[in-house]
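Counting starts at 1 for both ligands and their atoms, in listed order. Positions are given from 1, in the same order as the sequence printed here.
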Amino acid sequence: MATTAEPAQARRELDDLQKLVALCKRRGFVFPSAEIYGGFANTYDYGPLGVLLKNNVRDAWIRAVVQRRDDVDLLDAAIITNPRVWEASGHVEQFNDPLVECRGECKSRFRADQIDATKCPNCGGPLSEPRMFNTMFQTYVGPTHEEHDIAYLRPETAQGMFVNFANVASTMRRRLPFGIAQIGKSFRNEITPGNFVFRTLEFEQMELEFFVEPGTDEEWFERWVDERERWYVNLGIRRENLRRYEHPKDKLSHYSKRTIDIEYRFPFGEGWGELEGIANRSKGPEDSSFDLWQHEQHSGQRMTLFDEEKKQHIRPGVVEPAAGLTRAALTFLIDSFEEEMLDPAKNDMRTVLHLHPAISPYKACVLPQYRNKPDLVRVARQVYEDLRRRWMIAYDSGSNIGKLYRRQDEIGTPFCITVDFQTLEDNKVTIRDRDSMDQSRFGRVPIVELRAWMESQLDY
Ligand code: ATP
């Protein structure tokens with residue numbers, strides 16, 4: 001990949017999350033939600049570039065988990081569904097966090113399992129005894145607000161896959177092993193500080209339930225942990241910023257036989273934090289899916305596949321790689337952020353996002369070298385019109401060329417395609433590489449070959 005060349009000097013990494021928060025607002029990635037009213041706890045809106053970034057993360061996940069496999073189908077299930085789903089899954093009973101409150105000055109709230117203190121970490125005041133509270137958002141369906149009208153906003157997408165297991169298996173004529181993948185919003189009443197979009201009340205998840213022959217769950221679990229870790233590395237996350245954390249046996253969720261988190265070294269809190277959790281949810285009888293088993297008990301419906309050879313119904317085991325789309329988008333931003341000192345004498349520093357081209361909001365920016373030369377603008381617009389039929393491309397002529405390059409660096413655009421006076425004679429353009437800032441390594445590329453050139457650079 002042409003754009004992954006590292007600058008010669010050591011990278012000045014993101015040391016303070018607020019720098020990224022400011023960039024995200026300034027360049028239209030993420031805005032505080034309802035800012036004119038002072039914002040809202042742990043809630044953010046995604047701006048024009050944030051939406052493109054998120055869509056690219058989504059597409060990269062679908063390419064890896066669905067498109068390039070033979071054994072996974074997509075699903076898009078309802079956010080508000082029959083509340084019995086959440087009784088069967090254990091969420092009504094067990095989706096609780098221990099809450100402690102500061103009884104001193106600041107009255108802050110914390111999750112008891114996330115702080116290692118007997119006093120308030122903010123003001124040093126005394127803390128209340130932990131009290132369990134359910135993290136699911138509750139609502140009412142129907143005109144009355146009676147007990148039997150209660151419904152929930154889903155706290156995970158996973159249950160959609162379990163309750164549709166038989167529908168997908170039969171319509172797609174699946175045999176084991178096979179998976180159901182879903183991307184969508186989930187909601188949790190998070191009470192602890194969010195650290196920007198790391199932890200929000202509503203967020204998007206990318207979850208896969210991979211159903212397997214009973215007895216093969218442990219082997220598939222290992223494979224999925226490797227596979228998912230590789231996905232982040234292939235998309236440019238530096239390996240030294242990733243590690244695996246295995247949940248101790250006595251701390252496992254009620255459905256899990258084994259869970260490994262892929263953690264990232266975030267520049268806040270204790271550093272390492274969960275990026276994705278891979279769980280072996282096969283804690284049902286005979287290593288079968290705990291959730292299918294529970295839904296079978298609660299609904300009275302069979303949650304099995306009929307094995308033609310063995311002539312028997314089989315309830316499969318299941319492995320779940322559960323990733324956060326919005327948390328992954330944040331991680332790509334953090335890991336790619338650099339403040340690069342170009343000239344210490346002039347204190348000339350550029351901010352650059354070294355995003356993998358698959359993730360960057362725009363794949364290229366087309367620029368006329370001079371904005372007030374109509375011939376250059378005309379050709380630049382033609383190049384732009386042609387390329388944007390195929391990719392998300394930016395066009396900018398609003399300033400001098402040096403400033404325009406810096407603007408694109410800051411939003412991670414891998415290539416800048418410049419139309420200059422020579423273009424009018426030889427029909428070729430100059431391409432600047434974001435990471436090295438080199439304008440000659442690709443040579444001058446003929447306009448007629450630009451699409452093919454881009455295709456070769458963006459073959460991910
Ligand atoms: P945490 O320990 O951080 O609360 P979790 O273990 O409860 O996370 P899971 O239930 O395993 O999280 O959810 C799968 C993924 O969904 C997480 O790895 C994370 O990327 C994402 N996720 C979970 N909660 C949130 C949230 N409140 N905001 C953003 N992403 C989240």
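The protein atom (non-hydrogen) at minimum distance from atom 29 (C) of ligand 1 is Phe198 O, 3.1 Å. Closest to atom 28 (N) of ligand 1 among all protein heavy atoms lies Thr200 N, 3.0 Å. From the protein, the heavy atom lying nearest to atom 15 (C) of ligand 1 is Ala322 O, 3.7 Å. Among all non-hydrogen protein atoms, the one lying nearest atom 30 (N) of ligand 1 is Phe203 CD1, 3.5 Å. Looking from atom 16 (O) of ligand 1 to the surrounding protein, the closest heavy atom is Gln205 NE2, 3.2 Å. For atom 21 (C) of ligand 1, the closest non-hydrogen atom on the protein side is Gly324 CA, 3.7 Å.
Side chain to side chain, His298 and Glu87 fail the donor-acceptor criterion of an N or O pair below 3.5 Å. No side-chain donor from either of Thr351 and Glu410 sits under 3.5 Å from a side-chain acceptor of the other. Using modelled atom types and a 3.5 Å distance limit, the side chains of Thr135 and Asn189 yield no donor-acceptor pair.
Under 4.0 angstrom from ligand 1, the non-hydrogen atoms of Leu275 all belong to its backbone. With a 4.0 Å heavy-atom cut-off, ligand 1 is reached by the side chain of Arg327 but not by its N, CA, C or O. Using a 4.0 Å cut-off between heavy atoms, His247 makes no contact with ligand 1 at all.
With a 6.0 Å radius and a threshold of 12 heavy atoms from other residues, nucleotides or ligands, Arg26 has its CZ atom above the threshold. Under a cut-off of 6.0 angstrom, the local environment of CD in Glu105 is sparse, with at most 12 non-hydrogen atoms contributed by other residues, nucleotides or ligands.
The shell of residues lying under 4.0 angstrom from ligand 1, judged by heavy atoms, includes Arg111.
The heavy atom nearest to atom 10 (O) of ligand 1, considering only Glu207, Glu156, Glu274, Arg188, is found in Arg188.
Atom numbering of ligand 1 starts at 1 in the shown order; those under 4.0 Å from a heavy atom of Glu190 are 24 (N), 26 (C), 27 (N). The contact set between ligand 1 and Arg199, taken as ligand atoms under 4.0 Å from a residue heavy atom, comprises 1 (P), 3 (O), 4 (O), 26 (C), 27 (N), 28 (N).
Considering only heavy atoms from C-beta on, Asp459 stays 4.5 Å or farther from Glu455 through its side chain.
No option in Phe196, Trp272, Phe198 other than Phe198 meets the ring-ring contact (aromatic ring centres under 6.0 Å, His included) test with Phe266.
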Walk me through whether Glu204 and Lys185 qualify under salt bridge (charged side-chain N to carboxylate O under 4.0 Å, His left out). CA-CA 4 Å; Glu204 283 169 80; Lys185 283 221 167 165; 5.2 Å; no
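The pair Arg281-Asp217 fails the salt-bridge criterion, with no side-chain N (NZ, NE, NH1 or NH2) lying under 4.0 Å from an Asp/Glu carboxylate O.
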